[in-house]
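Notes follow once the structure below has been shown.
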Amino acid sequence: MAGLAAAACLTVAALTSCAGQNAGSGSDKSAATAPDVTAPQLLGVQDLTVAMNGVAYYRDGVSAVDDVDGPVAVEIDAGAVDLTAAGEYPVIYSAQDAAGNRVEQTATVTVVETITVDQGQDEQTEDETPEEAGGGASPGEVTQEDVDRLADEVLAKITNSGMSQREKAKAIFDYVNRHIKYVGKSDKSSWLIGAYVGLTRGRGDCYNYYACSKALLTRAGIPNVDLERVGGKSRHYWQLVNTGDGWYHFDACPHPTGYPMSGFMFTETQARTYTEQVKKARQNYYVYDYDACPVQVEGMPPEGWTPPAETPEEPVTPPEGPAVPENPAGSQEPGTENPAGSQEPGTENPAGSQEPGTENPALSQDPITGEWPGGTPTDPPPDQSGAEEVPDGDASTEQKPSEQSGEEGGQLAA
């Protein structure tokens with residue numbers, strides 16, 4: 001009997017153990033197949049300020065991560081943005097994981113009219129005296145208290161206690177950018193003089209813009225770090241600021257003519273991209289001593305990063321049908337200087353009718369009917385309506401936004 005009881009106990013114990021294992025196995029299986037109901041998280045989405053006719057880098061510093069799938073792609077809808085008109089526009093960022101969970105976040109892109117100037121006068125070998133620069137004051141005559149008093153008077157007019165640090169920084173940027181008239185020269189012996197001249201005389205070069213910004217940002221309680229250009233043929237001064245979400249470049253000085261940009265809180269990648277774009281007009285524009293910089297700027301490019309190349313112009317599509325010239329009595333093409341002949345621009349045969357690139361001057365298209373004597377040639381004349389080359393630094397021939405590099409308007413660069 002004792003043996004039978006022991007066997008019964010072992011049987012019950014085995015069954016109980018198996019039941020427990022089965023229950024645990026079922027629990028693990030249920031946990032493994034639990035549905036994914038959590039949407040990805042968007043990182044780095046923030047409002048942007050872009051110069052009118054400039055470039056908007058919507059994707060800079062933006063990413064998305066999912067708790068199951070890890071990094072996921074970010075989609076950007078900037079179709080409502082018009083970079084040719086000042087205003088505020090929405091940009092929609094979204095991301096979706098493999099389970100179909102989707103997240104959207106909207107940021108505001110503010111397109112602003114910017115001031116561009118001829119910075120050619122900034123290339124000087126010696127500083128002017130304070131009198132020549134318009135300051136009329138020596139370092140000993142301008143004190144920290146003088147500059148603080150002037151800064152406080154300005155801040156009382158352009159800021160209030162209900163504004164965030166970023167809003168105050170934007171108000172300071174707008175004031176300095178619009179209050180000071182760029183004259184290309186300044187006394188750089190002291191930032192106090194630079195700020196004093198900028199605030200009282202409303203004139204100066206990049207040093208005065210930088211010094212005024214420093215005075216106002218500091219009195220507003222916004223951390224800032226001074227930066228100075230390294231290399232190049234001219235000097236430039238600006239700062240980094242931190243309004244609570246990291247360090248960004250801050251440069252209220254107008255940019256060179258033909259290279260518009262908003263200098264309000266831009267990333268390191270944007271700084272290096274602009275430096276590459278403007279190198280023909282200004283070398284090393286936003287190059288500074290990276291090792292000596294005491295803070296890390298947001299949007300640092302990854303190792304091996306290179307600035308984006310400019311988008312090549314689209315080839316011009318020839319119009320359908322024969323083009324009627326402006327001079328139906330002759331064969332002159334607009335812009336030529338041979339009204340009596342039939343020379344096409346770029347040819348060396350004013351007496352004949354040779355089409356560019358052909359070897360048969362006797363074969364010429366009738367300018368009125370568009371017909372070819374003897375039938376249409378096998379290879380029609382090549383199109384000569386290529387885009388005009390844009391001179392460096394000429395604002396009148398500045399590229400349209402659709403021809404510039406980067407992610408602009410509603411189009412995203414590949």
Side chain to side chain contact (heavy atoms under 4.5 Å, CB included) between C253 and Y182, worked out: CA-CA 8 Å; C253 180; Y182 189 92; 3.8 Å; yes

Sequence-distant partners of D289, side chain to side chain contact (heavy atoms under 4.5 Å, CB included), two or more places apart: V230, D291, A292

Pair E153 + R149, salt bridge at N-O below 4.0 Å: yes

Salt bridge (Lys or Arg N to Asp or Glu O under 4.0 Å): pairs with one or both residues in residues 250-268, sequence neighbours excluded: E268-R272

Sequence-distant partners of A195, side chain to side chain contact (heavy atoms under 4.5 Å, CB included), two or more places apart: V147, W191, A211, A215

Sub-4.5 Å side-chain heavy-atom contact between F266 and M261: yes

G231 backbone acceptor or donor facing Q283 side chain under 3.5 Å: no

Main-chain N/O of L150 paired to Y196 side chain as donor or acceptor, under 3.5 Å: no

Those residues that, when tested against R219, pass side chain to side chain donor-acceptor pair (under 3.5 Å) (two or more places apart): D152

Minimal non-hydrogen separation, T159 against A171, with atom names: CG2-CB, 4.3 Å

Donor-acceptor contact present, side-chain Y58 to main-chain L48, <3.5 Å: no

Whether Y175 and H179 hold their rings parallel, tilted or perpendicular, with breakpoints at 30° and 60°: parallel

Y209 side chain reached by P254 side chain, heavy atoms, under 4.5 Å: yes

Sequence-distant partners of K279, salt bridge (Lys or Arg N to Asp or Glu O under 4.0 Å), two or more places apart: E276

Distance (rounded to the nearest 0.5 Å) between R166 CZ and I222 CD1: 11.0 Å

Partners meeting side chain to side chain donor-acceptor pair (under 3.5 Å) with D148 (sequence neighbours left out): Q144

Under the side chain to side chain donor-acceptor pair (under 3.5 Å) test, residues paired with D66 that sit two or more places apart: none

Results of ring pair (Phe, Tyr, Trp, His ring centres under 6.0 Å) for Y89 - residues two or more places apart only: none

Check: H249 ring centre within less than 6.0 Å of Y288 ring centre: yes

Pairwise distance NZ(K188) to OH(Y237) - rounded to 0.5 angstrom: 6.0 Å

Side chain R229, main chain N284, donor-acceptor under 3.5 Å: yes

Shortest non-hydrogen contact between Q105 and L42, atoms and distance: CB-CD1, 3.7 Å

Contact check, side chains of Y248 and Q46, non-hydrogen atoms, under 4.5 Å: yes

pair D187-V197: side-chain heavy atoms closer than 4.5 Å: no

Side-chain donor-acceptor pair present, T38, N101, cut-off under 3.5 Å: no

Separation of I180 CD1 from S213 OG (nearest 0.5 Å): 7.0 Å

Qualifying residues under ring pair (Phe, Tyr, Trp, His ring centres under 6.0 Å), relative to F173, sequence neighbours excluded: F250, F264

Donor-acceptor contact below 3.5 Å, side chain T108 vs main chain D47: no

Residue from I172, V176, L155 passing side chain to side chain contact (heavy atoms under 4.5 Å, CB included) with L217: I172

V111 vs D82 side-chain heavy atoms within contact, under 4.5 Å: no

From L240 atom CG to L227 atom CG, the distance as rounded to the nearest 0.5 Å: 4.0 Å

pair S190-V142: side-chain heavy atoms closer than 4.5 Å: no

Interatomic distance, Q270 atom CD to M265 atom CE [nearest 0.5 angstrom]: 11.0 Å

Partners meeting side chain to side chain contact (heavy atoms under 4.5 Å, CB included) with S63 (sequence neighbours left out): L43

Euclidean distance, D97 CG relative to Q41 CD, rounded to 0.5 Å: 13.0 Å

Intermediate values then yes/no, side chain to side chain contact (heavy atoms under 4.5 Å, CB included), K214 and N224: CA-CA 7 Å; K214 178 182 177 70; N224 57 93; 3.9 Å; yes

Presence of salt bridge, D205 and R235, under 4.0 angstrom: no

Contacts of type side chain to side chain contact (heavy atoms under 4.5 Å, CB included), residue T275, not counting sequence neighbours: Y285, Y286, V287

Verdict with supporting geometry, V295 and N242, side chain to side chain contact (heavy atoms under 4.5 Å, CB included): CA-CA 10 Å; V295 298; N242 188 343; over 6 Å; no

Contacts of type side chain to side chain donor-acceptor pair (under 3.5 Å), residue K170, not counting sequence neighbours: D174

